[in-house]
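See below for the structure under consideration.
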Amino acid sequence: MKTTILGYPRIGSQRELKKANEAFWSGRIDKDELLKTGSELKKQNWIQQQKLGIDLIPSNDFSFYDQILDACLTFGCIPKRYKNFDKNNFLELYFAMARGYQKDHLDVTAMEMTKWFDTNYHYIVPEFEKDQNFEFFSKKIIDEYKEALALGIKTKPVLIGPVTFLLLGKEKADGFDRIDLLDKLLPVYFEIIGELTNLDVEYIQFDEPCLALNLSEKEREAITTTYETIHAKFPKLRIYLANYFDCYGENLDTALQLPVDTLHLDLVRCPSQLDDILESKNYNPKTKLALGLVDGRNIWKNDFEASLKIIEKATSSILPENIWISASCSLLHTPYDLDLETNLQSEIKQWLAFSKQKLEEITTLKELSTPNNEAYLSLFEENKLANLTRQSSKLIHNQNVKDRISNLKEADSHRENNFSIRQAKQKEALKLPLYPTTTIGSFPQTKEVRNWRLKYKKGLLSQNDYDSLIAKEIENSIRFQEEIGLDVLVHGEFERNDMVEYFGEKLNGFAFSDYGWVQSYGSRCVKPPILFGDVSREKPMTIKWSTYAQSLTDIPVKGMLTGPVTILQWSFVRNDQPRATTCNQIALAIRDEVVDLEKNGLKIIQIDEPAIREGLPLRKEDWQHYLNWAVKAFRISASGVNDETQIHTHMCYSEFNDIISNIADMDADVITIETSRSEMELLNAFVNFKYPNEIGPGVYDIHSPRVPSLEEIETLLMKAKNVLPTQHIWVNPDCGLKTRDWPETKEALKNLVKAAKNMRKRELKLI
Ligand code: GLN
Ligand code: ZN
């Protein structure tokens, strides 16, 4: 039995890569210094893995920005708009593709970015032309192999598989299917593999996580062709084929028949997979199995007892030398090192394992599976005890919460009356004009505002002083909104750091790490809250500032909350109960807040759910189950109020067309959505599907400092009017304004209000 992993985090335990990248971009350090930081990080990772007993260590899992961007450059898949860049100035080209470039005579947009499967990591989307050619351009994979070799470590280079690479990308023109580019792409793989095998590389890891998706027959055939050809050309090469994030599912038979040395299994996401394989007539017991037992997506300690049972099952059918012990997927998605956390409660800390601890777990599992394992038995006992205390811990288990969950009734997820009755009552109560105007919640988080929060957190600003600064900022924002004539106001969210962290910090059941950073994209890292226990709300979380804002004005102010699905989705969540149960617990806590806001005079309450779409499972057949519980959790959070109280929700990242009926099932009175970047493409969904409730399709893109013109906004509103009933249309930007500055925000919102006024005039035939 041997140990291996698929990849390791690369940002550095102190986010060294982020800091070096940002310093390089702003010209504070030069290329050599950036490269040096990269080499240091790679070296640390390799040495760490070696020290902790990983037998086969990956290379080329490092990246300065993103591994798929690296792959684009490896395969010479460089969009034409970068043709004026000097290919010898590699980093300039690389970061131009990642981030766009605006200097001198060059003005080139960045490549698109999107979520990596169902993670919160974003990759650069490869772009393909009909006449696409490939060449072995960047030699990074070779260089990294040599770099590790110089340290005495013979690694397993990691390469994205050609089928997944093609599927992750996009055709930039009509008239071809990117999978047909395989014939042109494979020769580059042969060249790469040839160079690697000349260097005596024994193993190459091909990542083909597309095997966790619904593939067409043609795509499955592409997989077969790829690995049969590679094997035929390089019979001595050991192919380590990695699928992760879900089962092989209907692709299993294809995978089992491939001439590969090793098949990697994500046994965390798909525990039943091992049985399926061992029972399959297509399984050749000489094919090694990599048992992905240690969770690469979450921060919980492994359950050694359960893992050892699985290993035992495997060894009853196949030889120990044909088994790898591994993590479910790359450790990229978990933070570096739990040892750095000195402020976590020790009871909670003992339940956790970050990347470094996961390496130790992998090695320990291997040792515990060997005959002379006495030296490791104490670790087994320690692990068992930690997991036992978790099962019964008072920190986790709260009987009141569990009772509330089991007493949930169907009626708890329904408003008193249906939308048309509510709409009439709300019209009466709110007296809003046609095309009501509003914003999504946050206003610019200026340097000063962020500074106040930081100082307050560090104890350098007293509660009173901090409160009066926030109060003043809220007052200014209310006055500004009144002045320009918005119809529904917001307080501005100045007191909030992050829309999930803010609520996590106030709810029971969440813990926060100091260094638990995970790469989100490029130099951007997130520190997800650790949702470890039953969730409950001790006291109101947002009432103070919402009621304060409402007290300043007669115009309705929206209460502003983050929804249960988004809080769940953007946290490390417990693995000892179904996600749906955890989500319902959060939903009940948010529901209490919604009811309290209503009691305190807020007539409109927004429950943000930007993450609802990204929670979708990878396989379509699993979608409906998720959507059912996710939509229900939202409804539980929203249904405790009277008909007169108007519930809004907000979502970003468009692409709702395929789940629009489920979005309608959420039954929010008003939904505001991101649409403007796609020129209201989203509205096409409404041509076929009659969305029943009110809707605010975002009329300008807040991700850019550009001020939209009055005409632009009116044009978009006219488009909306063509597919939606006039009485249902709201006018708003497409997301929160916290990343913007005040000057452009003011100009943009003035135009937005004017556009709405013009639309009203048009309705009255005044223009
Ligand atoms: N209310 C939040 C804000 O305006 C919504 C953020 C989001 O959609 N991601 O900042
Ligand atoms: Zn948004």
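The structure presented is a predicted model; accordingly, all values stated were derived computationally and were not measured. Numbering of ligands and ligand atoms starts at 1, following listing order. Note that these values count all heavy atoms, side chains included, but never hydrogens, waters or copies made by symmetry.
Close approach to C652 involves these atoms of ligand 1, each under 4.0 Å from a residue heavy atom: 7 (C), 8 (O), 9 (N). Residue-ligand proximity, G441 to ligand 1, at heavy-atom distances under 4.0 Å covers atoms 4 (O). Within ligand 1, counting atoms from 1 as listed, the ones closer than 4.0 Å to a heavy atom of C735 are 7 (C), 8 (O). Near G736, with a cut-off below 4.0 Å to any heavy atom, the atoms of ligand 1 are 3 (C), 4 (O), 10 (O).
For H650, there are no ring pair (Phe, Tyr, Trp, His ring centres under 6.0 Å) partners, not counting sequence neighbours. Under the side-chain contact (heavy atoms from CB on, under 4.5 Å) criterion, E712 pairs with R706, P708, S709, not counting sequence neighbours.
Relative ring orientation between F510 and F512 is described as parallel, the plane-to-plane angle staying below 30° on a 0-90° scale split at 30° and 60°.
Below 3.5 Å of separation, one finds no N or O of W570 facing any N or O of ligand 1.
Residue, atom and distance of the protein heavy atom nearest to atom 3 (C) of ligand 1 are S442 OG, 3.3 Å.
For W452 and F494, the ring centers sit 6.0 Å or farther from each other. Between F245 and F117, the gap from one ring centroid to the other is short of 6.0 Å. Taking the six-membered ring for Trp and the full ring otherwise, the centers of W25 and F95 sit less than 6.0 Å from each other.
In this structure, of D608, I607, V490, T439, the residue bringing a heavy atom nearest to atom 2 (C) of ligand 1 is D608.
When heavy-atom distances to ligand 1 are checked against a 4.0 Å cut-off, M499 comes that close only through its side chain, counted from C-beta outward.
The angle C735:SG - the Zn ion (ligand 2) - C652:SG amounts to 120°, with values rounded to 10 degrees.
A cation-pi arrangement is absent between R574 and F532, since the terminal nitrogen or guanidinium carbon is not both under 6.0 Å from the aromatic centre and inside a 45° cone about the axis.
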